[in-house]
Amino acid sequence: ALAGFLAVRAAQTLAKAPFVWDSDVWSVHTDLVVAAWLALRKTTTTTDDDRAWDAVRAQFAVFYFSAGFWKLNAHFVDANASCATVFVVQLLAKFFGASPGLPIGVLAAAKAAAPALTLVIELLTGGLLVAR
């Protein structure tokens, strides 16, 4: 059932092309590898299982490293323009509430650090997935 779901989701995403995000394309690649592995699972060996997960790990490594690399630009690292700032502040508001909320100094520090933190996390995740 899961293999079928993943295949249908991949087909739906591909049907929307070229009006999809880069992350959608990477998700399709991963979904298709996992769907094929699940569909063939009854005839595969442990070695095949290891190869499937190695392929998924490699895809995630490329995805995270690429996501970080594409963010290495003046607009993303500008905390006043970066989408990372919006996401981090929204997460803080969700977990700590708007009232009384966090002190303004904490929010200002989070805003300033958000772009750099995002870059470090994505680039490091890609590297660690390669290194295992």
Side-chain angles (χ1 to χ4, degrees):
L2 180 57
F5 168 77
L6 292 172
V8 168
R9 185 169 70 174
Q12 289 174 328
T13 302
L14 292 172
K16 296 176 193 173
F19 307 105
V20 294
W21 295 99
D22 293 339
S23 60
D24 293 328
V25 174
W26 290 107
S27 295
V28 166
H29 292 179
T30 304
D31 286 352
L32 291 176
V33 168
V34 173
W37 173 75
L38 289 170
L40 300 171
R41 182 70 174 93
K42 291 178 185 167
T43 61
T44 62
T45 65
T46 303
T47 303
D48 294 327
D49 294 348
D50 291 344
R51 277 191 235 151
W53 292 120
D54 285 346
V56 170
R57 186 180 303 108
Q59 288 174 325
F60 278 127
V62 169
F63 172 76
Y64 276 104
F65 187 80
S66 298
F69 181 78
W70 288 326
K71 288 177 177 81
L72 292 173
N73 62 68
H75 298 290
F76 186 83
V77 298
D78 178 1
N80 293 314
S82 179
C83 61
T85 304
V86 175
F87 290 134
V88 167
V89 172
Q90 285 177 338
L91 286 171
L92 289 173
K94 174 70 176 169
F95 289 111
F96 296 102
S99 179
L102 293 172
I104 196 72
V106 172
L107 291 173
K111 175 188 171 191
L117 274 173
T118 301
L119 284 169
V120 167
I121 290 168
E122 288 184 348
L123 292 170
L124 191 59
T125 299
L128 290 174
L129 284 167
V130 169
R132 302 207 235 166

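Predicted model, so just to flag it, every value in this text is computed and none were measured. Just so you know, residue 1 is the first one in the sequence shown, and it goes up from there.
Dense packing is recorded around CG of Leu72, with more than 12 heavy atoms of other residues, nucleotides or ligands lying under 6.0 Å away.
Side-chain atoms of Thr85 never come within 3.5 Å of backbone atoms of Asn80 as a donor-acceptor pair (strictly under, hydrogens ignored). Remark: side-chain polar atoms of Asp24 are paired, donor with acceptor, to backbone N or O of Trp21 under 3.5 angstrom.
When all heavy atoms of Ala35 and Ala7 are compared, the pair lying nearest together is CB-N, 4.3 Å. Contact detail for Glu122 and Ala67: the closest heavy-atom pair is OE1-C, 3.2 Å. Smallest separation of non-hydrogen atoms from Ala3 and Ala39: CB-N, 4.1 Å. Between Ala114 and Ala84 the shortest heavy-atom distance is CB-O, 3.7 Å. For the pair Ala52 and Val33, the tightest heavy-atom approach, listed with the atom from each and the gap, is O-CG1, 4.1 Å.
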Carefully, step by step, assess Phe76 and Thr118 under the rule side-chain contact (heavy atoms from CB on, under 4.5 Å).
-> CA-CA 10 Å; Phe76 186 83; Thr118 301; 3.7 Å; yes
Begin with the C-alpha distance, continue with both residues' side-chain angles, and end with the deciding distance and a verdict on side-chain contact (heavy atoms from CB on, under 4.5 Å) for Leu6 and Leu38.
-> CA-CA 10 Å; Leu6 292 172; Leu38 289 170; 4.3 Å; yes
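With hydrophobic clusters built from ILVMFWY side chains whose heavy atoms lie under 4.5 angstrom apart, Tyr64 does not share a cluster with Val120. A continuous path of hydrophobic side-chain contacts links Val88 to Val106 [ILVMFWY only; heavy atoms under 4.5 Å]. The hydrophobic cluster containing Val28 does not contain Val34, counting ILVMFWY residues as joined when their side-chain heavy atoms lie under 4.5 angstrom apart, directly or transitively. Note on Val89 and Val77: separate hydrophobic clusters, where clusters join Ile, Leu, Val, Met, Phe, Trp and Tyr whose side-chain heavy atoms are under 4.5 Å apart, directly or indirectly. Under a hydrophobic clustering in which Ile, Leu, Val, Met, Phe, Trp and Tyr are joined whenever their side-chain heavy atoms come within less than 4.5 Å, directly or via other members, Phe19 and Val25 fall into different clusters.
In this structure, OG in Ser27 is found 6.5 Å from CZ in Arg9, a value given to the nearest 0.5 Å. Asp50 contributes atom CG, which lies 11.0 Å from atom CH2 of Trp53 (distance to the nearest 0.5 angstrom). Note that the CG atom of Leu117 and the CG atom of Leu124 stand 11.5 Å from one another [nearest 0.5 Å].
The existence of a salt bridge linking Arg57 and Asp54 is confirmed by a sub-4.0 Å separation between a basic side-chain nitrogen and an acidic carboxylate oxygen.
Scanning for ring-ring contact (aromatic ring centres under 6.0 Å, His included) contacts around Trp70 gives an empty result, with sequence neighbours left out. Applying the ring-ring contact (aromatic ring centres under 6.0 Å, His included) test to His29 and every residue at least two apart in sequence or in another chain returns Trp26.
Relative ring orientation between Phe63 and Phe60 is described as perpendicular, the plane-to-plane angle rising above 60° on a 0-90° scale split at 30° and 60°.
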